[in-house]
*Asks:* 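Take a look at this one; I'll ask things after.
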Amino acid sequence: MTPDAVKPKVVQAVDRLADELEALSHRIHETPELCFKEERAHAWLTDLLEAHGAKVERGVGSLPTAFRATIEGGGPGPTIAILAEYDALPGLGHACGHNVIATAGAGAGAALALALGRLPFAGRIQVIGTPAEEGGAGKVKLLEAGVFQGVDAAMMIHGRCGTQVWRPTLGIIKVKAEFHGKATHASSWPWRGVNALNAVIQLFVALDQMRQQLRPDARLHGIIVKGGEQPNIIPEYTRADFYLRSLDKSYLQELLRRFGSCAEGAAAATGCRVEVTAEPTIHEPMKPNRTLAELFEQNLAFIDFPVDPDDGEAGYGSTDCGNVSQALPTIHPYIRISPDGVPGHSREFAEWARSPLARAGLVAGAKALALTALDLLAMPEKLAAARAEFGR
Ligand SMILES: [Zn+2]
Ligand SMILES: [Zn+2]
């Protein structure tokens, strides 16, 4: 059987589920939950998948808010994973539109189960619920726990101000600098103190100067987490957290080395002691897979959903999906859920994440994910090509 014989049924099933999916997307949007605490979204998404016939496992990979929903096919064969994210941002709610990712991914699985029951091809399709994209690197934890073992290819969509099947993402090293000085009265004995706030300020200045000599894809940005207690005490302890980003993994290590030199310099200039600590988990850049991306794009054409040229106005973000893409063939296409030029992680984007454009993106995303996953089961040569391109 060719996938074309069943595709119209799957498309119709997404259309039948569209009101339910949009209502769930809005409910998740109205109930923003931070990384690893996505209990209600986890319950609603798993209930949806179960109600439509998928076999659901809750709390996989030792993460209580992760899940795996399986739609079985006819006998042994490959496993294709569709990923769903559902965490929100502190203070901003669903300003990254993960409510749309969640319901597009779960909607794809629910529609496949509803339309086909058992898949008419060998293998299986799984919806993997991946918590904590914004700061918790949930997918790295699931990779380490073996949840992706036996998965042959993975895919997800992400909302954006335009539809682009391929955009690079940057790797990240997260690092903190802690400065230790000496407290004293800021007015009566200032010369007896060692000012740890000055060291943090020096570090920001040094990094801003270093920026001129960095490659254009590099990004350094930080916040002062601890800047002192009150103005009449010379700060004895300060801390600043930074993300160092680049398209290239080895350049990330170079950035970390140079960050360390800047921190040492700031400490020397102010008489402080510094500790630099990099988090062991590194976000990896997305490894492209043209074979999978082309299939996805063909399915967007099949459902008449337009792809937009990249206007080049924006730089790149990062995702823990990059780590998945370094472990197995993976795509992370962007689907339009806002007008041009609306940045992610903004209050404006949070509003668009529950708009009619978001509904259109959700429905198109669910369809294209379901159809692309079916293609990979129905056409083993395409999966073989994706694996060959990946290099395994
Ligand atoms: Zn985000
Ligand atoms: Zn996101």
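Please read these numbers as outputs of a predicted model, since none were measured by experiment. Throughout, numbering of the chain's residues begins at 1 and tracks the sequence. Atoms within each ligand, like the ligands themselves, are counted from 1 in listed order.
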*Asks:* If you measure from the Lys or Arg side-chain nitrogens to the Asp or Glu carboxylate oxygens, is any gap between Asp152 and Arg387 under 4.0 Å?
*Replies:* yes

*Asks:* Could you point out which residue of Arg58, Arg40, Arg27 forms a salt bridge (Lys or Arg N to Asp or Glu O under 4.0 Å) with Asp47?
*Replies:* Arg58

*Asks:* What are the protein N/O/S atoms, named by residue and atom, that sit under 2.8 Å from the Zn ion (ligand 1)?
*Replies:* Cys96 SG, Glu134 OE2, His345 NE2

*Asks:* Any Lys/Arg nitrogen of Asp304 or Lys367 sitting under 4.0 Å from an Asp/Glu carboxylate oxygen of the other?
*Replies:* no

*Asks:* When you check the gap from the basic side-chain N to the acidic O, do Glu22 and Arg359 get nearer than 4.0 Å?
*Replies:* yes

*Asks:* Ignoring hydrogens and angles, tell me if any N or O in the side chain of His98 forms a donor-acceptor pair with the backbone of Ile101 under 3.5 Å.
*Replies:* no

*Asks:* Could you tell me whether the side chain of Asn323 and the main chain of Ile282 form a donor-acceptor pair under 3.5 Å?
*Replies:* yes

